[in-house]
Structures are given as structure tokens and as C-alpha cells.
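For ligands, and for the atoms within them, numbers begin at 1 and follow the listed sequence. Because the structure is predicted, anything quoted here is derived from the model rather than measured. The figures that follow rest on heavy atoms only: side chains count, while hydrogens, waters and symmetry mates do not.
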Amino acid sequence: MTAEAKKRAPKKLSKREINEVLRILEEEHGGSKTALNYQSPFQLLVATMLAAQSTDKRVNMITPKLFQDYPDAASMSRLSEEELQEYIKTVGLYKAKAKHILQTSKILAAQYDGDIPATREALMQLPGVGRKTANVVLSIAKRVPAIAVDTHVFRVSNRIGLARADNVLETEKQLMQNIPREKWSNAHHWLIWHGRKICRARNPLCDQCPVAHLCLYRRQNG
Ligand code: SF4
């Protein structure tokens, strides 16, 4: 692309273009859900905490045994840190995660009857639960509309132009403005799967991308 053409490329997507991107992503990735395996909101919370700085695939390798032996907050809260570390030692930051999961399990068992809180604020009070984790479990387990911005959602939405921000909080804010509320939770999954399959961090497969004609990154970089 010439410098002149690059200058002419739009800086943001129109409402119509955003809706078209969402329509195509839904067509491509509709029905997609989290890759994490879980049987209850508590297990989803633990799996999501474990997935930070790790991969869903690795987490899915350790949770079957962990959840079989300790399926709920009450049973998990009775583990020692060392015992839990033994189960999760193949994921990054496992010592800190073991500590947080045990503290969180104790709180959930004592105050929430083993369930998880239904608001972001209450979830973020739990040890080791940040905004992204809270949004993931809220939208999946509690069906509360939320957009969790992980590394894929951040990269893909800013490349396409669904957001134009240099941090996750601002990206989340803009996505909430640009995407209809009823699509927030699903759009989170569409963007993750688009990032995994097509819009990879290194060498995005722009030539195979169904939203390439709308994507600002593509239009600005040729
Ligand atoms: S065109 Fe390229 S940069 Fe844009 S969304 Fe598709 S793969 Fe990502």
C-alpha cells in the first residue's frame, strides 16, 4: 500500500461496518464456547484462575484429576497449599495460584454455600480474581452480559477496529459501546476463536480472513 493510500484508509469503523464484522464473526464462530472443561461455576472459576499466564489446553490436562478428587469449594478448601500445588504444578505461577484458590474456596464455602458471587464487584473481592477472570465467569456461568478482554480479544478487536485503545480496560469500555449488549458474551468467544485460528499474534492469516475487507489493520497495512 502506498503512503498516500495508507493515509486515506479510515481511522475507525462505521456502525454499519462494525455490525457487518459481528455478523461475519458470528457466522464463522457462532456456537463457540470456552475451551476450558468444567462442571460447575466453582470449577469454571478455578479453571479460569489456573489459565492466567498459561493455556486452556494445559489447564485441561490437570483439572480432570483435581475436580474428580475435589469437585467443590468445601472439599477443595480442606487441601493444604502443598497438596494443591502438587496437582497444579505444571501451570505457571502455581504457588501463588494454589494460595489464591484455597483462600477463595474457603470464602465461597463459608459465605456463598459453594456457589460463586453474581456480580463483578463481589467476584473481584476474591483472592486472585481480577477483572478478566470475573468477566469470564460472570458471562459464562451467570449469563451476565460482560466482555472479558484477554490477550486474543485485545489484539483482534484493536486490529479490526472494534476498539482503538492501548489498554484492556479502555478496550473493554469501547467494545461495550460498540457491540450490542446482548452480544457481549458471545462476541468474547468469537474474538478469542478468531484470534486462535486466523488473527494470530504473529503472522495473522489475513489472506484467509473473512473480515479482511473491513479490518482496519489490513486496510492500513495492505
Ligand atoms: S485481516 Fe488480518 S489483521 Fe485483520 S482480523 Fe483478519 S487476520 Fe486479523
Identify, by atom number and element, the atoms of ligand 1 in contact range of [X], meaning under 4.0 Å from any of its heavy atoms.
| X | answer |
| --- | --- |
| R159 | 3 (S) |
| R218 | 1 (S) |
| C215 | 1 (S), 3 (S), 4 (Fe), 5 (S) |
| C209 | 1 (S), 5 (S), 6 (Fe), 7 (S) |
| C206 | 1 (S), 2 (Fe), 3 (S), 7 (S) |
| Y217 | 3 (S) |
| A212 | 1 (S) |

Practice task
Using a cut-off of strictly less than 2.8 Å, determine whether H194 has an N/O/S atom near atom 6 (Fe) of ligand 1.
Solution key: no
Handout entry: Q53 CD: over 12 foreign heavy atoms closer than 6.0 Å
Key = no
Practice task
Please report which non-hydrogen protein atom sits nearest to atom 5 (S) of ligand 1, along with the residue it belongs to and the distance in Å to one decimal place.
Solution key: I160 CG1, 3.6 Å
Exercise for the section: Could you state whether Y217 and V21 fall into the same hydrophobic cluster, counting links through intermediate Ile, Leu, Val, Met, Phe, Trp or Tyr residues with side-chain heavy atoms under 4.5 angstrom apart? Expected result: no
Problem - In one Ile/Leu/Val/Met/Phe/Trp/Tyr side-chain cluster, 4.5 Å: L93, Y87 - result: no
Problem - Lys/Arg N to Asp/Glu carboxylate O, R131 vs E121, below 4.0 Å - result: no
Completion exercise
When rounded to the nearest 0.5 Å, the distance separating CD1 of I160 from CG of L191 is 6.0 Å
Handout entry: atom 8 (Fe) of ligand 1 reached by C199 (N, O or S, under 2.8 Å)
Key = yes
Practice task
Decide if the gap between the ring center of H194 and the ring center of H29 is smaller than 6.0 angstrom.
Solution key: yes
Problem - Min side-chain heavy-atom separation I140-K33 under 4.5 Å - result: no
